[in-house]
Amino acid sequence: FPFSLSESCFLLCALSSVCLCVCRWSLNGTLINLSTDSRRRLSGGNLVIRSLDRAQDGGIYQCTAFNPQGAILSRRASLQFAYLNLKTQTRSAVSVREGQGVVLLCGTPSYAGDLSFAWVFNEYPYFVQQDNRRFVSQETGNLYIAKVEPSDVGNYTCVVVNRITKGKVLSSPTPLVLRTDGVMGEYEPKIEVHFSDMVPAAKGSVVTLECFALGNPVPEITWRRANGVPFPSKVKMKNSNVVLEIPSFQQEDAGGYECVAENKMGKNTVQGRLSFHAKPQWVQTMRDSALSVEERLFWECKTSGKPKPSYSWLKNGELLAAEDRIQIENGALTIGSVNLSDAGMYQCVAENKHGIIYFSAELVKYHPSKHKTFLQHFITFTVTMECRPQAFPTAISMWRKGNEPVQSTDRITLLPDGTLRITNVTKMDGGNYACLARNQFGVASTTGRLLVTDPTQITQGPVDMEIIVGESIVLPCQISCDPALDVSFSWAFNGQLLNKLDQHYEHVGGSISGDLMIRNIQLKHAGKYVCVVDTDVESLSAVAILIVKGPPGAPDGVTVEEITDSTAQLSWRPGQDNGSPITSYIIQAKTAFTVGWQAVNTVPEVIDGNTLTATVVDLNAWVEYEFRVLARNSVGVGEPSPASLKTRTEDAVPDTTPTDVGGGGGSKSELVITWEPVPEDLQNGDGFGYIIAFRPLGEVNWTHAVTSIPSQSRYVYRNESILPFSPFSVKVGAYNTKGQGPFSPVAIVFSAENEPSGVPDGVWARSISATEIEVSWHILSASPERVLGYEVVYWEDDTKPETMGKVRVSANQNKVNISGLREYTQYFLTVSAFNTAGTGPLSPTINVTTKKSPPGQPPLNVEWNLIGSKLTVHWEPVISLEMESDVTGYQVSYRRNRHEEINTITTNLTSVELTLPADDDYIIQIRALSDGGEGMPTEPINIHKLRNGYFKLSLHFTILLFLLYQINAIFLIIRDLFCIKKTY
């Protein structure tokens, strides 16, 4: 960890959240006494150092963590101090011919920490833009110009930045001038920048090779591998192929590389080799172990690495030496007979010249379980029935089964004390037994019953199973037994009786079944299950091992090992595989500019389950990232790891150009230039700003302006010499403290123009309806200024400014309709031409009055008659009110039911005949027409048509009903006359 002297240092000793540990720190192998040190203190196990001192604080730090189980060592951390110094002295001018190549030396700074180089041309922030002709080497710091052109003449200053401290030093300016004794002729390439014959490269690192040549014409750079194998897709060519970048360097990337510089005068090549080396990385580790005294311990750890790592073992932080019981060989630790003194914390240590790693495990002494062990016994039954009567003199005993005396056989024994013993009992031995005792004083007897049952058997027991988290299963435990026996079932899990209150477990089944259902299985349910069957006479059991598979556990210890401006090398520790091997890993990243966690591109593209390191690529420079890792197995994707510490990528020259460069408009003698600002996450570093370059179209020299406001999107250049509406070539670039990025593509932007001087004539207006007028004018045929369009301004009354409105149309239009006006109102209006500078002079004011409003009453008393396909509709005429326009006609609109298409008929009458050919229902509306527009429509009228032949029948039936109605009316009249006569 390189630091500057002005900083404080925070060294992290990461411990498990359940580890109640005490931490001690050492520097260069010596324990730090914090009780007498005022600058150093512990904070939760982490070491905090204030007021850093290069002499006292630089070196190798290591944390030792202690708890009652033992002690372990952390990995080592190196604390270095970054600095930068560069001697400056006046530099002589460099004189070259046009077309000649030149190298400007930066100088040799004294420093610690990574450096970056840039060159300023004439004044800050005008950095030298790198292309196929100009190159700034990040290895030497020098500026290389393959072929000098007149535009290169000026002062050059080397800018050196320490990537750690961000400190910056500048060299003295170096003037570059052109000689006047001629132009350099063409010549073949001369390679000035190249890589070494042998370049060591670490696994997972970003390897950068540079190759640049001077020459006239400017040489073209190409790369190839010595073995002819094409470059993989991860390899990037930068700066016009001058830089070859290999992210996440792997063993297969090692070998010979060749750079070829070529122009029409010839070519030149340079070759070198990349050698592969890697610090140790775990391939196999050990786990905590619990062993009984005198058991054998075997632990083995394996690593990959080049050169091949060596191994050692620590116990409680101290080197473990081999002895009679303890053997150490190539990463394997064997303790032949464990005793109590062997308990403690052990660490396997793997080391080569590129790094050292530690892995910890605990050895604990094991106490045998005192819980009942369930075994299945096959029992040979023996029955003993005693008969020992109290009598004096001693009684003589004899046995009877039923009515038959019991005789001694090879299975039946009558003992002298009267006891009856039966071995290898069978069902034939069952029955009623009586013991008779006799002496001279009398006879006594006792009776009993011997019941012999069938043996109990487990007919279907549990079997070993593999199951996925979240599923449910039933472990069977079914038996066959004698009905006369009482049977009970119980289950044990890993030697403990199951808790009946656990909601995951439920005993199911009948009297001869003790099945166990496990619902929503979790990882904690993996283990040994035993079904125990107890009867009055025996106990049986059956065993099964349940393996529960789930998504992998969260990886741990995500660490950013190395970071550049576009890549980050990560490492992590695997989590539990949870019964299914880890097949791959996924890396996600988060920044202040993203929405949540996002998957990122990596090398390798697919990270297999045995890989615990990868390089994240395509990152943005100077952005703070967090990373996390997720593991995948055959079950699914597991929980994400804890996020890594926030780490900022290195800064870099801007590589994103401002977009949407344009502009125009403004006031007289102004050139307005606009662009879309570069987002913050693409600015690549501090000190971000924009360089605006512009020149009159067709000229050679650019005028430059600088703004240091990252959010600025507009620049106005004012000069009285700018002619109205003059075209300019415009481009916008970005810069930061690292240098100047590329310019945007050139855009054509016009300077501000003068307002149109012409006045539209022939302005005329007419009222179209109560709410709309039409305004027309003559287009300006010849105008010294550009006309973008015309603006119509209208108002009701000069004393009411809120009634003013305006509408604009393009330059090729000579009329416009203005709607949304008030009815029967006088409007004043003028017309003027406009462009980006504003509006020209107004035309003379004219006025127009909108028409009266249309009739507000819809047609009334609408009647219709449908005969066949002919529909006749009648209505009463609409009478307009005083402030309404006169009725000029009527509009009848109709459409088929459930259709959108509307048909209209206009008529001057108060009736209309329609032919409706389709056998469908129709909807009709009627409204009055006037000069003021359309009046209110009637409510929708539904016309229902009868279908096909039924229509004729209905028509006849309607006529019949009409005749009956007329007859009935005549009858009523006659009856009334008769009644009247009778009264008189």
Side-chain angles (χ1 to χ4, degrees), residues 660-675 692 694-699 703 705 713-730 746-768 772-821 826-849:
D660 296 335
V661 175
S667 301
K668 182 181 179 181
S669 300
E670 286 185 348
L671 173 65
V672 178
I673 302 171
T674 61
W675 63 90
I692 303 100
F694 52 92
R695 65 187 180 190
L697 186 64
E699 292 192 7
T703 300
S713 61
R714 187 174 186 268
Y715 173 77
V716 179
Y717 174 69
R718 294 180 178 88
N719 193 307
E720 294 297 329
S721 65
I722 297 179
L723 297 176
F725 204 61
S726 299
F728 280 76
S729 298
V730 172
V746 174
I748 304 300
V749 176
F750 286 83
S751 62
E753 54 190 337
N754 293 333
E755 300 93 340
S757 58
V759 180
D761 58 5
V763 178
W764 178 78
R766 70 181 181 93
S767 176
I768 298 176
E772 187 174 14
I773 62 174
E774 179 187 74
V775 184
S776 63
W777 59 90
H778 294 158
I779 291 177
L780 293 174
S781 57
S783 174
E785 299 82 20
R786 187 172 64 134
V787 175
L788 288 181
Y790 296 92
E791 180 180 270
V792 179
V793 179
Y794 57 94
W795 65 95
E796 292 182 22
D797 191 329
D798 288 337
T799 63
K800 299 178 181 178
E802 69 274 6
T803 65
M804 180 177 289
K806 64 176 64 176
V807 61
R808 284 186 169 187
V809 296
S810 61
N812 61 351
Q813 290 184 244
N814 70 335
K815 63 181 178 179
V816 64
N817 287 359
I818 303 174
S819 59
L821 305 178
Q826 185 181 47
Y827 283 88
F828 301 89
L829 58 91
T830 63
V831 181
S832 61
F834 73 87
N835 59 21
T836 58
T839 56
L842 303 176
S843 68
T845 302
I846 66 171
N847 64 75
V848 62
T849 301

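With hydrogens and angles ignored, the 3.5 Å screen pairs a side-chain donor or acceptor of S751 with a backbone N or O of F725. A distance-only check finds no donor-acceptor pair linking the side chain of T845 to the backbone of F828 [under 3.5 Å].
The shortest non-hydrogen separation linking V672 to G665 is CG2-O, 3.7 Å. Contact between P756 and P841 at its shortest, heavy atoms only, is O-CD, 3.3 Å.
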- Message: Between V775 and V807, is the side chain to side chain contact (heavy atoms under 4.5 Å, CB included) condition met? List the steps.
- Response: CA-CA 11 Å; V775 184; V807 61; over 6 Å; no

- Start with the C-alpha gap between Y790 and I779, add the side-chain angles, then the distance that decides, and say whether side chain to side chain contact (heavy atoms under 4.5 Å, CB included) holds. CA-CA 9 Å; Y790 296 92; I779 291 177; 3.3 Å; yes

- Item | Full working for side chain to side chain contact (heavy atoms under 4.5 Å, CB included) between S776 and N814 | CA-CA 6 Å; S776 63; N814 70 335; 5.5 Å; no

- Taking it one step at a time, do W764 and V831 satisfy side chain to side chain contact (heavy atoms under 4.5 Å, CB included)? CA-CA 10 Å; W764 178 78; V831 181; over 6 Å; no

- Item | Working for side-chain hydrogen bond (donor to acceptor under 3.5 Å, both in side chains), residues N754 and E785 | CA-CA 7 Å; N754 293 333; E785 299 82 20; 5.4 Å; no

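Here T836 contributes atom OG1 and L788 contributes atom CG; the two are 6.0 Å apart, rounded to the nearest 0.5 Å. Distance check: E772 CD to I818 CD1 gives 9.5 Å after rounding to the nearest 0.5 Å. In this structure, I692 CD1 and Y717 OH are separated by 13.0 Å, a value rounded to the nearest 0.5 Å. Atom OG1 in T839 sits 5.5 Å away from atom CD in E791 (nearest 0.5 Å). Here OG of S667 is found 12.0 Å from CD of E753. Values are rounded to the nearest 0.5 Å. The line from CD of E796 to OH of Y827 is 4.0 Å long, rounded to the nearest 0.5 Å.
Contact of the P784 side chain with the S757 side chain is registered, since non-hydrogen atoms from C-beta on lie closer than 4.5 Å. Using a 4.5 Å heavy-atom cutoff, the side chains of P844 and T830 are not in contact.
Pairs passing the salt bridge (charged side-chain N to carboxylate O under 4.0 Å, His left out) check and including a residue from residues 714-727, sequence neighbours excluded, read E670-R718.
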